[in-house]
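Down below is the structure, laid out as structure tokens.
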Amino acid sequence: MNEGPRVALTFDAEHPDRPLCPPGNAERILDTLAGAGARATFFMQGRWAESQPAAARRIADEGHLVGHHSKFHARMTLLTDDGIRADVTEAEEAIREITGADPRPWFSCPFGDGHDDPRVVSALRALGYRDVSWHVELADWEPDRTAAAIEKDAVDGALDHGDGAVILLHTWPGPTSDALLAILEGIAAGGARFVGIDELEMTP
């Protein structure tokens, strides 16, 4: 059994809003993960799951961890308590219906906004969630980020952090899917193994 340091690859599954978003990119990511036998965590936007039901179901069917990434990708601090409740509940219902998986308790705040806000954290906790942040942010959404740069920063960041590193990626940038195999190979060559967020000891 591999007892090396654990690395959690996380993908925010959401609608693209920048260039370099080829069709079928999420499926390419899933193909690469399957080929490498690597498990990841996907934080799904409710609207994305509704628009991409086959990909959303495939994520759950292939054993990846399903998390929650809001319904509309609004900044959580801009929502009222009732707004947070409505957004989270509506998305949860869609994710459950489409994937057959319960995304609780794993929540990733859009833009990371609200992850350290006591009101947002309290509202999420009341709904059965806790926010999951990250250690390695690759800015793969930026149009000038190349696959080579994403790969290097992912591998270096994961190995520099050591056990329990959480890496933030997205399902829609083309350079992310281009870089993924090299990321997997580079991190594995450093002795690390891939796990879901649920396989880490997360602080509530």
Side-chain angles (χ1 to χ4, degrees), residues 4-45 48 52 55-56 59 62 64-70 73 75-76 106-116 131-200 202:
R6 298 161 300 170
V7 173
L9 294 177
T10 71
F11 294 87
D12 287 355
E14 61 197 29
H15 287 292
D17 61 358
R18 303 287 177 94
L20 304 176
C21 312
N25 206 59
E27 288 82 359
R28 288 181 61 205
I29 286 170
L30 288 168
D31 289 345
T32 302
L33 292 170
R39 184 169 183 251
T41 301
F42 288 81
F43 291 102
M44 293 187 190
Q45 182 190 8
W48 180 86
Q52 305 291 328
I59 286 168
E62 295 188 358
H64 300 293
L65 183 65
V66 174
H68 195 313
H69 195 47
S70 83
H73 208 259
R75 293 182 180 274
M76 303 304 284
W106 316 110
F107 192 91
S108 178
C109 287
F111 310 103
D113 180 66
H115 76 95
D116 57 355
D131 180 74
V132 177
S133 193
W134 54 83
H135 306 110
V136 183
E137 181 179 78
L138 302 173
D140 60 340
W141 61 85
E142 294 292 357
D144 62 345
R145 292 286 282 166
T146 65
I150 292 169
E151 172 205 340
K152 182 179 187 306
D153 291 348
V155 174
D156 290 349
L159 299 180
D160 287 347
H161 182 276
D163 186 54
V166 178
I167 300 177
L168 173 64
L169 294 158
H170 294 76
T171 55
W172 50 267
T176 297
S177 59
D178 292 340
L180 184 55
L181 180 59
I183 289 172
L184 294 168
E185 291 175 344
I187 291 174
R193 56 196 170 100
F194 299 100
V195 300
I197 288 291
D198 56 342
E199 298 173 81
L200 300 178
M202 306 295 293

Under the criterion ring-ring contact (aromatic ring centres under 6.0 Å, His included), which of His115, His68, His69 is the partner of Phe107? His68
Test log, rule side chain to side chain contact (heavy atoms under 4.5 Å, CB included), inputs Val7 and Val195: CA-CA 6 Å; Val7 173; Val195 300; over 6 Å; no
dist Ser177:OG -> Glu27:CD (nearest 0.5 Å) comes out at 10.5 Å
Full working for side chain to side chain contact (heavy atoms under 4.5 Å, CB included) between Thr41 and Trp106: CA-CA 9 Å; Thr41 301; Trp106 316 110; 5.6 Å; no
Looking at Thr171 and Trp48, what are the two nearest heavy atoms and their distance? OG1-NE1, 4.5 Å
Exactly one candidate in Asn25, Thr10, Asp140 meets side chain to side chain donor-acceptor pair (under 3.5 Å) with His170; the answer is Asp140
Going by the rule salt bridge (charged side-chain N to carboxylate O under 4.0 Å, His left out), which residues pair with Arg39 if we only count those two or more places apart in sequence or in a different chain? Asp198, Glu199
Could you tell me the separation between the OG1 atom of Thr32 and the CD1 atom of Ile183, rounded to the nearest 0.5 Å? 10.0 Å
Any donor-acceptor pair under 3.5 Å linking the side chain of His64 with the backbone of Ile59? no
Main-chain N/O of Leu138 paired to Arg145 side chain as donor or acceptor, under 3.5 Å: yes
Closest heavy-atom pair, Gly191 versus Pro5, reported as atoms and distance to 0.1 Å, is O-CD, 3.5 Å
Could you walk me through whether Leu180 and Phe11 pass the side chain to side chain contact (heavy atoms under 4.5 Å, CB included) test, one step at a time? CA-CA 11 Å; Leu180 184 55; Phe11 294 87; 4.1 Å; yes
Validation row, ring centre His73 to ring centre Phe111 under 6.0 Å: yes
Can you tell if the side chain of Met44 reaches within under 4.5 Å of the side chain of Val66, non-hydrogen atoms only? yes
How close do Ala40 and Leu33 get, counting heavy atoms only, and between which atoms? CB-CD1, 4.0 Å
Decide side chain to side chain contact (heavy atoms under 4.5 Å, CB included) for Val166 and Leu200; before the verdict, give the C-alpha distance in whole Å, the side-chain angles of both, and the deciding distance to 0.1 Å. CA-CA 9 Å; Val166 178; Leu200 300 178; 3.9 Å; yes
Taking C-beta and beyond as the side chain, do Pro110 and Met76 meet within less than 4.5 Å on heavy atoms? yes
What one should report as the nearest heavy-atom pair of Cys109 and Gly114 is SG-C, 4.1 Å
For residues His135 and Leu168, determine if any side-chain heavy atom of one lies less than 4.5 Å from a side-chain heavy atom of the other. no
How close do Gly112 and Trp134 get, counting heavy atoms only, and between which atoms? CA-CH2, 3.7 Å
The side chain to side chain contact (heavy atoms under 4.5 Å, CB included) partner of Phe42 among Leu169, Ile29, Leu65, Leu9 is Ile29
Could you grab the distance from atom NE2 of His15 to atom CD of Gln52, nearest 0.5 Å is fine? 7.0 Å
Please report the shortest heavy-atom distance between Pro175 and Ala147, naming the atom on each side. O-CB, 3.6 Å
Ile150: which of Thr176, Val155, Asp178 passes side chain to side chain contact (heavy atoms under 4.5 Å, CB included): Thr176
Backbone of Gly4 reached by a side-chain donor or acceptor of Arg193 within 3.5 Å: yes
